[in-house]
Each structure stands twice: as structure tokens, then as C-alpha cells.
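Right, one structure below, let's go through it.
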Amino acid sequence: MPEKIKVVDLYIYKSADFAKPILEHFRYLVHKACPQVEEKIKWSFPHFDYKGNMMCSMAAFKQHCAIGFWKASIMDDKHKLFNSEEAMGHLGKITSLKDLPADKLLLEYIKEAMKLNEDDVKLPGRTKKTASKPIETPEYFLAALKKNKTAQKNFEAFSPSHKKEYIEWITEAKTEVTRNKRIQQSIEWITEGKGRNWKYVRK
């Protein structure tokens, strides 16, 4: 049967006085609800794992404690305990035992987190960012490229990122004079097969 580990004992011992009873009590409830829980230190604060996966965690700061559930995003939260505004933890900033939800409710949530791990329910994967819209080459730059067949051929062979570097450099010019100078310089470099930032590329 998994037991409490010394590194978590030490973490609690080194915490501020106000935090110690909060951490001890939540730890007690986790072990009560889940006798097979495994204690670990991850990211420098205590975590409670079950069935090989993270279940919940607790952390102490200078003025408050935070308690988190790894799969909070897919838990029912039927008692509306979770505070989505907190950057860390789901029960808000806990400064005393009075700030903790009732033991009955906490035990219920811990058991729900256990069940998710028992059923091997995974968190939904992060949605992939949609591909950014290809950047369009301004007509005036295309016209300049057409006047130099080598530059046009090299530019067409460039990767999208290389093309983008040149286009952004040119279109970001604040005056027409600056823009024309950049176009002229770009044509020269592109003719030589160089990228916009060729000076900074390690040889």
C-alpha cells in the first residue's frame, strides 16, 4: 500500500505556518479517498498520482495555497467549485482551512478524478493551429522581380518563410523612398540566392 513520502513531509514542513494545516488536510483527504494514491514531487510541488497518471496536486505560496485537479477540464464540477480565473489551482486562493470546500465535496471530487484515471480517460488533445494564410507578394514587387529573370527564378524557389521575410521587410517601409531602396536591395540579394537575413546565418 503506497505511503506518504518524506519529500512531501519536508515540503509541508518548509511551507508557511498558515499553509501547513491546509496542505495536511488535503493530503489526508486524498489518502482517505484513494488509499492507492502515489505521492510525487513534480514541478517543485506535491502531486498525487493514481493508476500511473496525475490526479491532483497542492502547492503553497507566500500568501495562499492552490489545489488543482489534472483533469479538471473534463470533470463535472456539479457543485461549481472550480475557479477558472486562477492561473494555478482550481479552488481559488486558499488562505485557511475555512476557504476549503466541505470535506464531503472534496472527497467527491477526488473520487471523480480517481474514476477518470481508472477508466483511462484522456484529456482532449490540443487543437492544432490552423495554417496561416499565405502572404501575398505585392504587385510592385512582382513587377520588379520580372525585370530580373534570375531574381524571379530564385524568389520562386525560396521557401515560404524566406519569401515572407522579404515581403514583410518591403511592405513595412514607412515611405516610398525607403520601400524602393529595399526593393532594389532585395533584388540584388535574391539574384545572388541570398535570404533576407543572410548576414546572420552561420557559415
Side-chain angles (χ1 to χ4, degrees), residues 1-135 160-161 164 168 172:
M1 178 178 175
E3 299 178 354
K4 296 178 179 180
I5 60 175
K6 290 183 178 180
V7 284
V8 175
D9 290 336
L10 185 60
Y11 181 92
I12 295 173
Y13 175 77
K14 288 184 176 181
S15 299
D17 289 341
F18 82 89
K20 292 175 183 176
I22 298 169
L23 300 176
E24 287 284 12
H25 190 67
F26 184 70
R27 187 188 196 188
Y28 161 77
L29 292 177
V30 172
H31 280 269
K32 181 178 180 179
C34 183
Q36 298 303 316
V37 73
E38 291 184 70
E39 294 187 346
K40 293 183 179 180
I41 294 288
K42 299 176 183 178
W43 303 305
S44 303
F45 57 93
H47 282 69
F48 301 97
D49 290 9
Y50 180 59
K51 295 290 183 180
N53 292 302
M54 287 190 284
M55 185 173 70
C56 53
S57 63
M58 62 184 190
F61 300 95
K62 289 183 178 180
Q63 297 181 332
H64 73 279
C65 291
I67 288 172
F69 288 85
W70 184 247
K71 297 178 180 176
S73 61
I74 55 175
M75 289 174 65
D76 289 337
D77 189 24
K78 63 182 180 181
H79 299 293
K80 307 299 180 186
L81 300 183
F82 292 159
N83 183 345
S84 59
E85 296 181 359
E86 290 301 320
M88 180 178 181
H90 299 103
L91 303 179
K93 292 183 178 180
I94 303 164
T95 59
S96 71
L97 286 172
K98 293 179 182 178
D99 293 334
L100 284 172
D103 288 0
K104 181 180 179 181
L105 300 183
L106 275 176
L107 288 168
E108 185 178 327
Y109 276 52
I110 295 167
K111 288 178 181 178
E112 182 185 352
M114 284 176 57
K115 186 70 165 56
L116 289 172
N117 281 15
E118 285 176 353
D119 295 342
D120 198 26
V121 178
K122 305 293 185 185
L123 285 169
R126 293 182 179 178
T127 55
K128 293 183 179 180
K129 292 183 179 179
T130 55
S132 57
K133 186 179 179 181
I135 188 167
S161 61
K164 185 178 180 181
E168 287 184 342
E172 287 172 0

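Between Phe26 and Phe48 the shortest side-chain heavy-atom distance falls below 4.5 Å. Contact annotation: the side chain of Lys20 never approaches that of Phe18 to less than 4.5 Å [non-hydrogen atoms, C-beta and beyond]. Two residues are said to be in side-chain contact when any heavy atoms from C-beta on lie closer than 4.5 Å; Gln63 and Lys93 fail this criterion. Here the side chains of Val7 and Leu10 are not in contact, with every heavy-atom distance at 4.5 Å or above. Counting heavy atoms from C-beta on, the side chains of Leu106 and Leu91 come closer than 4.5 Å. Using a 4.5 Å cut-off on side-chain heavy atoms (C-beta onward), Asp120 and Asn53 make contact. A 4.5 Å side-chain heavy-atom check between Lys32 and Asp103 finds every atom pair outside the cut-off. Side-chain contact between Val37 and His31 is present, with heavy atoms from C-beta onward closer than 4.5 Å.
Note that SG of Cys56 and NE2 of His90 are 11.0 Å apart. Values are rounded to the nearest 0.5 Å. Between the NZ atom in Lys80 and the CG atom in Asp77 there is a gap of 6.0 Å [rounded to 0.5 Å].
With sequence neighbours left out, the ring-ring contact (aromatic ring centres under 6.0 Å, His included) criterion links Tyr50 to no other residue. Take Ile74 and apply the side-chain contact (heavy atoms from CB on, under 4.5 Å) test, not counting sequence neighbours, and it matches Lys71, Leu116, Val121, Leu123, Pro124. Every residue two or more places apart in sequence or in another chain that forms a side-chain contact (heavy atoms from CB on, under 4.5 Å) with Asp76 is listed here: Glu112.
Between Tyr11 and Ser44 the shortest heavy-atom distance is CE1-O, 3.3 Å. Between Met58 and Leu23, the closest heavy-atom pair is SD-O, 3.5 Å. Nearest heavy-atom pair across Met75 and Ala113 is CE-N, 4.3 Å. Between Ala33 and Lys111, the shortest heavy-atom contact is CB-CG, 4.1 Å.
Close placement of the Tyr109 and Phe82 rings is indicated, their centers lying within 6.0 Å of each other.
Between Asp49 and Lys42 a salt bridge is recorded (basic side-chain N to carboxylate O distance below 4.0 Å).
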Walk me through whether Asp119 and Lys51 qualify under salt bridge (charged side-chain N to carboxylate O under 4.0 Å, His left out).
CA-CA 10 Å; Asp119 295 342; Lys51 295 290 183 180; over 6 Å; no
How far apart are the C-alpha atoms of Ile67 and Leu100, what are their side-chain angles, what is the distance that settles it, and do they pass the side chain to side chain contact (heavy atoms under 4.5 Å, CB included) test?
CA-CA 9 Å; Ile67 288 172; Leu100 284 172; 3.6 Å; yes
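The one candidate from Arg27, Lys4, Lys6 that meets the salt bridge (charged side-chain N to carboxylate O under 4.0 Å, His left out) condition with Glu39 is Arg27.
Classified by interplanar angle (parallel below 30°, tilted 30° to 60°, perpendicular above 60°), the ring pair Trp43/His47 is perpendicular.
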